[in-house]
Colleague: 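Quick one: this structure, given as structure tokens, is what I'll be asking you about.
Heavy atoms only: backbone and side chains are in, while hydrogens, waters and symmetry mates are out. Numbered from 1 within each chain, the chains take letters A, B, ... in sequence-line order.
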Amino acid sequence: MIDAATIRKDFPLLERRYGDTPLVYLDSAATTQKPNSVIDAISTYYRETNANVHRGAYRLADEATTAYESARTKVAGLINARSSSEVIFTRGTTAALNLLALRWADHLLSEGDRILLTLMEHHSNIVPWQLVAQRTGAELVYLDITPDFAIDLDRLDEVLDERVKIATVSGMSNVMGTIGPVDEITKAARAVGASVIVDGAQLVPHMPVDVQALDVDFLTFSAHKMLGPTGIGALWGRGELLDAMEPLEGGGEMITDVGLYESRWAPIPHKFEAGTPPIAQAVGFGAAVDYLVDLGMDDVRAHELDITAYALDRLAEVPDLTVYGPQDPARRGGAVSFELADIHAHDLATILDEEQGVAVRAGHHCAKPLMRHLEVPATARASFYVYTVPEDIDALVIGLMRAREIFGIA
Amino acid sequence: MIDAATIRKDFPLLERRYGDTPLVYLDSAATTQKPNSVIDAISTYYRETNANVHRGAYRLADEATTAYESARTKVAGLINARSSSEVIFTRGTTAALNLLALRWADHLLSEGDRILLTLMEHHSNIVPWQLVAQRTGAELVYLDITPDFAIDLDRLDEVLDERVKIATVSGMSNVMGTIGPVDEITKAARAVGASVIVDGAQLVPHMPVDVQALDVDFLTFSAHKMLGPTGIGALWGRGELLDAMEPLEGGGEMITDVGLYESRWAPIPHKFEAGTPPIAQAVGFGAAVDYLVDLGMDDVRAHELDITAYALDRLAEVPDLTVYGPQDPARRGGAVSFELADIHAHDLATILDEEQGVAVRAGHHCAKPLMRHLEVPATARASFYVYTVPEDIDALVIGLMRAREIFGIA
Amino acid sequence: MSLQELYREVILDHYRNPRHRGHLPSPDVHAEGENPSCGDEFSLDLDVDGQTVAAIATQGQGCSISQASGSMMAEAVVGKSLDEIHELTSRFKRMMSIEEGESPVDEERPGSVLGDLEALQGVRRFPVRIKCADLPWTTLEDAIRRVEQGSEVLP
Amino acid sequence: MSLQELYREVILDHYRNPRHRGHLPSPDVHAEGENPSCGDEFSLDLDVDGQTVAAIATQGQGCSISQASGSMMAEAVVGKSLDEIHELTSRFKRMMSIEEGESPVDEERPGSVLGDLEALQGVRRFPVRIKCADLPWTTLEDAIRRVEQGSEVLP
Ligand SMILES: Cc1ncc(COP(=O)(O)O)c(C=O)c1O
Ligand SMILES: Cc1ncc(COP(=O)(O)O)c(C=O)c1O
């Protein structure tokens with residue numbers, strides 16, 4: 001079991017104060033804080049090992065290459081990839097999804113084909129597909145949300161026919177916390193021969209994920225949402241699919257030969273990693289994976305279940321507060337969106353921040369289609385991670401009561 | 001004037017030793033070492049300011065946004081951009097050139113149009129254009145290299161006609177050190193209405209660059225080659241051209257509205273920065289720019305002239321050594337490629353590394369077309385930066401003499 | 001200064017009971033504004049009679065600061081000449097940009113030109129929120145510019 | 001171990017005077033290998049007579065280690081049966097992979113099967129260079145596999 005109060009000490013930012021008020025960080029779905037081990041791995045890399053990778057005949061460059069490639073092995077291990085060559089380092093989830101849209105979907109789809117999404121997708125898993133649709137003539141089809149904030153699977157069979165070539169679904173909603181029905185959608189998609197992409201930006205950080213067991217085709221995630229640095233994330237894909245995909249970017253490192261008018265590509269993963277890669281970031285990503293593996297992903301999930309249950313209970317004590325998301329912690333992760341009476345989310349965020357040092361996000365959370373569906377222009381969102389303690393939730397609740405006072409709500 | 005011996009103390013990696021042998025880092029054209037101020041800016045960001053940018057209603061997120069955007073202002077200042085919105089943060093030079101190829105060139109070019117390059121381009125400024133040519137039917141035309149390692153401008157007028165829509169040239173060769181004739185090519189390209197792209201990966205780190213004075217259209221560069229972190233670089237472009245360009249990637253942060261089937265884009269620079277950007281890396285990039293501006297880019301160039309002149313003199317003492325690059329330091333930067341007798345570059349690199357701790361690169365330096373033109377399968381390359389001292393060159397020369405011995409060259 | 005001063009009663013009142021809400025039947029000009037970073041939206045219809053804003057109606061949704069600012073603005077501009085509105089806009093922007101602690105922008109109190117709008121002074125201490133207060137004014141400037149250019153007087 | 005031992009005379013000799021260089025007039029099989037990370041290239045032609053390598057010719061360019069390894073390999077395999085070559089290849093790879101300081105792979109010295117090839121033992125201490133020494137052998141394995149599959153005996 002995770003002892004969040006103890007591991008907090010590994011996270012220097014959590015010691016921040018505004019004057020007398022300690023910071024209460026409840027915005028981990030946007031980006032997580034970093035343990036010292038990650039911050040130090042990056043500094044140590046720059047202080048002791050920094051060199052460009054893959055082309056050095058000297059020892060330092062060899063050390064740098066080993067550091068970079070062993071990060072890949074760690075990331076591959078976390079998601080149980082068959083081979084580390086199936087892990088492509090990208091700038092993040094958004095870059096990974098766009099790579100798939102531009103080089104997988106563009107070649108696969110034509111007029112009349114369909115892409116299946118859900119209404120709970122993040123903009124990063126919507127906009128790339130809108131652009132694919134515009135380029136190829138394919139259509140987007142959305143699965144609905146039920147009144148209890150789940151993906152509506154009732155129409156799945158109806159919607160999934162052989163026109164659907166790609167199903168792309170969030171593993172976990174960054175707004176409602178809802179765990180996506182990846183299993184059901186994958187089975188149904190397989191039956192009609194569609195490929196399955198999972199936007200794992202919120203899933204991979206929060207639960208054990210095994211790509212071989214999931215039986216999906218592609219998985220994308222971002223290091224910065226799982227204790228790692230900004231500027232790096234990963235695309236995992238089945239080797240044979242990645243082998244068949246054309247590179248998006250050309251340049252150094254991704255070739256075996258360059259002529260004046262033609263070039264030959266290196267094998268995966270390098271084919272998709274043109275130019276100097278985010279080396280120090282990969283090292284930091286590897287350290288983040290080490291930290292999570294040490295905690296144990298089962299325990300990470302167990303802690304999230306506990307803290308989310310506690311949060312939902314405490315929020316239920318606040319009058320006039322509406323939670324947009326499942327009430328059952330087993331069906332969700334620790335991103336909790338809510339609205340309080342007629343107080344706009346933005347005002348709520350200011351009051352929580354100023355009164356209690358509580359950092360929550362306010363707005364559309366890069367999920368405008370979902371917000372329109374929920375008929376709410378903006379929500380406030382508190383989101384948790386391995387270092388979140390019940391006291392953080394208590395501060396949130398005090399702040400919410402104070403907001404009621406300030407807005408003169410009896 | 002830069003006192004390299006003093007500023008070396010700011011660079012912790014330069015204190016590395018292999019047993020008794022100190023590391024002599026002569027591979028700055030591949031990636032530079034980082035001063036403490038850059039390493040610390042990154043750690044401090046993670047320890048004190050880390051939050052996601054642009055969407056936070058709390059103070060920490062506002063601080064993070066300010067840190068990120070003020071890095072953009074610093075980078076814009078370094079190259080004298082009219083507005084910081086003309087600076088797009090990318091993964092690096094390679095990503096920036098590919099963005100231009102995919103979203104500028106693809107829309108501009110059609111069958112029969114031409115792209116002008118030079119034979120000294122890096123793969124990252126060749127392969128993207130080969131792919132453009134394949135997609136659009138445009139042709140690549142290369143400017144030749146003269147026997148004294150300059151770009152051959154004699155045929156410029158002949159080659160530049162109205163079929164040429166884009167000229168894309170390296171500001172400085174990473175193999176020969178040759179400074180690219182950006183002025184001449186720009187004037188000639190303007191005369192036929194072609195756009196000009198400068199690959200500034202080696203130029204911006206080593207010389208003062210003023211994009212308004214240069215009168216080019218786009219400039220690309222990488223932080224990691226100018227004291228900054230890996231994982232970030234910049235595309236500068238004229239505002240009106242960037243405004244007219246379509247985004248490559250869709251996702252969070254780059255939109256003003258997302259509907260189910262259509263979206264609206266944010267203004268530049270955000271239109272081109274989908275998803276969580278490399279925030280900590282931007283902060284590090286900003287610190288690197290601060291360091292360079294403190295030194296003064298004129299002094300950076302002056303130091304490079306000195307150290308390169310010293311290196312060329314000392315290398316001339318080594319029998320059977322051939323330098324591939326201009327002899328006049330005024331025409332070049334501090335990347336010096338050479339071959340020693342019949343010793344393969346790879347063997348040379350091993351000997352230099354093991355005997356003298358000297359780190360040089362060996363191989364084709366991501367410039368195979370140039371290597372074929374020079375008729376040499378591989379060279380060894382020593383490259384310098386602000387922290388390079390004459391003693392580094394002396395160690396190189398001792399190592400080269402030792403290599404002659406080991407290979408039994410009288 | 002405390003949050004209590006940011007969220008003054010008059011602001012909450014304008015937020016909850018925005019003045020001049022709705023649409024004009026056939027406005028001379030319509031303008032829309034948005035803060036992409038927080039999602040606040042504000043739009044307005046104007047009827048312009050010669051050089052005078054004869055009527056205004058506003059729409060929008062967002063935080064109390066943006067919506068109250070819009071409501072107060074609507075009250076302040078109706079019946080005013082375009083020149084007076086330029087003057088008012090620049091006074092407002094000056095108020096929002098001066099350092100906290102400096103003297104209030106309007107030296108002529110009582111009988112202040114900005115009136116209720118001065119209640120928004122408290123926003124200055126919350127830099128993230130200044131753009132909320134500014135949104136309606138930026139939208140208004142856009143509308144007035146179009147009136148002056150004669151480019152978009154609707155039929 | 002010093003560099004002097006890596007760059008032994010025999011290695012430099014093979015580098016400078018590679019044996020079996022050139023092309024076979026009509027080879028039964030041709031295979032090409034490359035180390036993308038350093039640019040070393042090595043290719044070879046084989047004539048296979050039943051189960052025996054009757055002739056070999058090699059081409060390539062690269063560092064002394066890769067080219068010497070190829071030259072020594074060519075000398076070692078010519079006239080050998082495919083089975084013997086498999087045995088030799090696995091001995092060579094074992095030699096290149098054992099930890100430095102462990103006993104040499106070939107216990108039966110003198111009269112060593114690997115012969116000159118043992119001169120490459122020194123490469124083990126330079127991990128970046130092992131793939132240089134391996135390149136000709138990987139290319140050879142590729143060629144032999146194709147012979148055994150009968151897939152690519154050239155006409
Ligand atoms: C001239 C030149 N262009 C482009 C690049 C590519 O830069 P990056 O690898 O940072 O994308 C480099 C560096 O490798 C270079 O030297
Ligand atoms: C579900 C989901 N998908 C995609 C993303 C985009 O990730 P990134 O911004 O790291 O590219 C996010 C995070 O913002 C997310 O929560």
Colleague: What is the minimum heavy-atom distance between B/Ala57 and A/Ala362, and which atoms define it?
Modeller: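 Closest approach of B/Ala57 to A/Ala362: CB-CB, 4.4 Å.
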Colleague: Would you mind telling me which of A/Gly363, A/Pro229, A/Pro247 has the largest number of heavy-atom pairs within less than 4.5 Å of chain B?
Modeller: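 Top option by heavy-atom pairs under 4.5 Å: A/Pro229.
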Colleague: Any side-chain donor paired with an acceptor under 3.5 Å for B/Gln130 and A/Ser263?
Modeller: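 Yes, A/Ser263 and B/Gln130 have a side-chain donor paired with an acceptor closer than 3.5 Å.
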Colleague: Flag the one option from A/Asp40, A/Asp27, A/Leu352 with the top tally of heavy-atom pairs under 4.5 Å to chain B.
Modeller: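 Among A/Asp40, A/Asp27, A/Leu352, the one with the most close pairs to chain B is A/Asp27.
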Colleague: Checking side-chain contact (heavy atoms from CB on, under 4.5 Å) between A/Leu260 and each of B/Leu119, B/Leu117, B/Val141, which is the one that passes?
Modeller: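 That would be B/Leu119.
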Colleague: Pick from A/Leu131, A/Leu60, A/Val38: which one has the most heavy-atom pairs with chain B under 4.5 Å?
Modeller: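 If we count pairs closer than 4.5 Å to chain B, A/Leu60 comes out on top.
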Colleague: Could you tell me whether the side chain of B/Thr31 reaches within less than 4.5 Å of the side chain of A/Thr276, counting heavy atoms only?
Modeller: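 In short, these two side chains do not touch, never coming nearer than 4.5 Å.
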Colleague: Tell me, do A/Asn52 and B/Arg361 make a side-chain contact under 4.5 Å, heavy atoms counted?
Modeller: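 Answer yes - side chains close enough.
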Colleague: Within the 4.5 Å heavy-atom criterion, are B/Val127 and A/Ile255 side-chain neighbours or not?
Modeller: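 In short, these two side chains touch, coming nearer than 4.5 Å.
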Colleague: Under 3.5 Å, is there a donor-acceptor pair between the A/Gln281 and B/Thr230 side chains?
Modeller: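 Present: a donor and an acceptor within the cut-off.
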Colleague: Starting from the C-alpha separation in whole Å, work towards a yes-or-no answer on side-chain contact (heavy atoms from CB on, under 4.5 Å) for A/Met254 and B/Thr94.
Modeller: CA-CA 11 Å; A/Met254 56 73 75; B/Thr94 303; over 6 Å; no
Colleague: Quick one: which of B/Leu13, B/Ile42, B/Asn36 gives a side-chain contact (heavy atoms from CB on, under 4.5 Å) with A/Tyr46?
Modeller: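 When B/Leu13, B/Ile42, B/Asn36 are each tested with A/Tyr46, the side-chain contact (heavy atoms from CB on, under 4.5 Å) holds only for B/Ile42.
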Colleague: Taking A/Leu23, A/Leu102, A/Val258 one by one, which has the highest count of heavy-atom pairs under 4.5 Å against chain B?
Modeller: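 Among the listed options, the one with the most contacts to chain B is A/Val258.
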Colleague: Hey, which of A/Phe11, A/Trp129, A/Tyr261, A/Tyr25 has the most heavy atom pairs under 4.5 Å with chain B?
Modeller: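 That would be A/Tyr261.
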Colleague: Between B/Glu273 and A/Arg91, does any NZ, NE, NH1 or NH2 come within less than 4.0 Å of an OD or OE carboxylate oxygen?
Modeller: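 No, A/Arg91 and B/Glu273 are not salt-bridged.
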Colleague: What part of A/Ile232 lies closer than 4.5 angstrom to a heavy atom of chain B: side chain, backbone, both or neither?
Modeller: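 Contact with chain B: none, neither part.
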Colleague: Any side-chain heavy atom of A/Arg59 sitting closer than 4.5 Å to one from B/Glu354?
Modeller: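 Side-chain contact under 4.5 Å: yes.
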